[in-house]
2 protein chains.
Amino acid sequence: MKETKLRFYKSLGLKLTPQRLAILEYLEDNRTHPSAEDIYNALKPNFPSMSFATVYNTLEVLRKKGLVKEINVEGVRKRFDAFTHPHNHFFCKNCKKVIDIESKQDITIPEELKDCEINEYQIIYFGICSECRKKQD
Amino acid sequence: MKETKLRFYKSLGLKLTPQRLAILEYLEDNRTHPSAEDIYNALKPNFPSMSFATVYNTLEVLRKKGLVKEINVEGVRKRFDAFTHPHNHFFCKNCKKVIDIESKQDITIPEELKDCEINEYQIIYFGICSECRKKQD
DNA sequence: CTAATTGCAAAAATTTTGCAGGACT
DNA sequence: AGTCCTGCAAAATTTTTGCAATTAG
């Protein structure tokens, strides 16, 4: 991992344990929106002793620092996204894939919410992705 | 429940058991976006023997018929919505309230999704609702 | 050295499933 | 009558928690 990134993480007050670095590295530039289990499985080869508790703890810490966002599209399972620029998502109901959508949309804050504090918003498109469509034929 | 509604439900091929009617009645015009447990608790007084299995079974049947939608905003817990006209939602991160947003927004289908089948989309606004804001002061 | 983090195991929370008996049409 | 539905209990899935041992700063 790059020196500048390491310094950035340290500057946030994060203790940089090997496990955390591995999780951060796995999430960086990862656009698959992994679940906690995906992360756990991906890192298990290099960290056979790592536990789910560490994955969840780390994700929660990163979420509080704004480095990771939770995506709730799949019902039971949470998905995690380290791409934190504002963007939207497509969710394939068939293969459960989540695709980043970066096209801008002009959204105005609804009148109904004028007294609310809005921290963010996102559009979720639900449907069947192109790969799954082909397979259905 | 109105006769016309009963006929409508029957016309969908639903067996109208007392439990189902109670769940349907509870959900009709209910804009609180209840969880399965909320529904269970609300009906328990009248149906002390009803089980979670029945709640979940019924919700799944209604979802397949398009009468109920799942809302995934809260992470672990699913919320259910029987107001099926296209609309958006606000989620209060503090009190977990979900508010229907009916203001229209002009959304175009993004270029990235031109080969996908889009069944629906929705905007979710995240923030703090007006009631919670007042309490924070 | 100190506070934060890890790993383990157990618990919690939510949803799903199998099956026998019962109810709706 | 036949199929679908209910209720119970157990299981499955995902996430959270308590605590002792370890580690980063």
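Small disclaimer: the values here were computed from a predicted structure and weren't measured. First the proteins, then the strands, lettered A, B, ... as listed; each starts at 1.
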Return the 5'-most residue of the pair B:Val76, B:Leu14 with respect to DNA chain D, ranking by each residue's nearest nucleotide. B:Leu14
For A:Ser35 and for A:Leu16, find the nucleotide of DNA chain D with the closest heavy atom, then tell me which residue's nucleotide is more 5'. A:Ser35
Which whole-number value in Å describes the distance from [X] [atom1] to [N] [atom2]?
{"X": "A:Leu21", "N": "D:dT23", "atom1": "CG", "atom2": "P", "answer": "15 Å"}
{"X": "A:Lys10", "N": "C:dA4", "atom1": "NZ", "atom2": "P", "answer": "17 Å"}
{"X": "A:Lys64", "N": "C:dA4", "atom1": "NZ", "atom2": "P", "answer": "12 Å"}
{"X": "A:Leu59", "N": "D:dT16", "atom1": "CG", "atom2": "P", "answer": "10 Å"}
{"X": "A:Tyr56", "N": "D:dT15", "atom1": "OH", "atom2": "P", "answer": "3 Å"}
{"X": "A:Met50", "N": "D:dT22", "atom1": "CE", "atom2": "C1'", "answer": "16 Å"}
{"X": "A:Tyr40", "N": "C:dG7", "atom1": "OH", "atom2": "C1'", "answer": "10 Å"}
{"X": "A:Phe52", "N": "C:dA10", "atom1": "CZ", "atom2": "C1'", "answer": "15 Å"}

Given [options], the nucleotide with the shortest approach to the side chain of [X]:
{"X": "B:Lys15", "options": "C:dA3, D:dC5, D:dT17", "answer": "D:dC5"}
{"X": "B:Lys78", "options": "C:dT16, D:dT15, C:dC8", "answer": "C:dT16"}
{"X": "A:Gln19", "options": "C:dT6, C:dC8, D:dT6", "answer": "C:dT6"}
{"X": "A:Thr17", "options": "C:dC24, C:dT6, D:dT15", "answer": "C:dT6"}

Would you call the rings of B:Phe52 and B:Tyr40 parallel, tilted or perpendicular, taking 30° and 60° as the class edges? parallel
Can you label the angle between the B:Tyr121 ring and the A:Tyr125 ring as parallel, tilted or perpendicular, going by 30° and 60°? tilted
Quick one: on DNA chain C, does B:Glu37 or A:Thr58 contact a more 5' nucleotide (nearest heavy atom)?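 Whichever sits nearer the 5' end wins; that is A:Thr58.
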Closest-nucleotide mapping onto DNA chain C: is A:Gly13 or A:Ala53 further toward the 5' terminus? I mean the 5' end. A:Gly13
Phosphate OP1/OP2 of [N] contacted by [X] side-chain N/O (<4.0 Å):
{"X": "B:Arg20", "N": "D:dC5", "result": "yes"}
{"X": "A:Lys44", "N": "C:dG7", "result": "no"}
{"X": "B:Ser51", "N": "D:dC8", "result": "no"}

Could you tell me if A:Lys93 and B:Asn119 have a donor-acceptor pair between their side chains, going purely by distance under 3.5 Å? yes
Test item: B:Ile109 and B:Lys114 side chains (from C-beta on) under 4.5 Å apart, heavy atoms: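 Sidechains of B:Lys114 and B:Ile109: no contact.
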Flag, side chain of A:Gln122 to backbone of A:His87, donor-acceptor distance under 3.5 Å: no
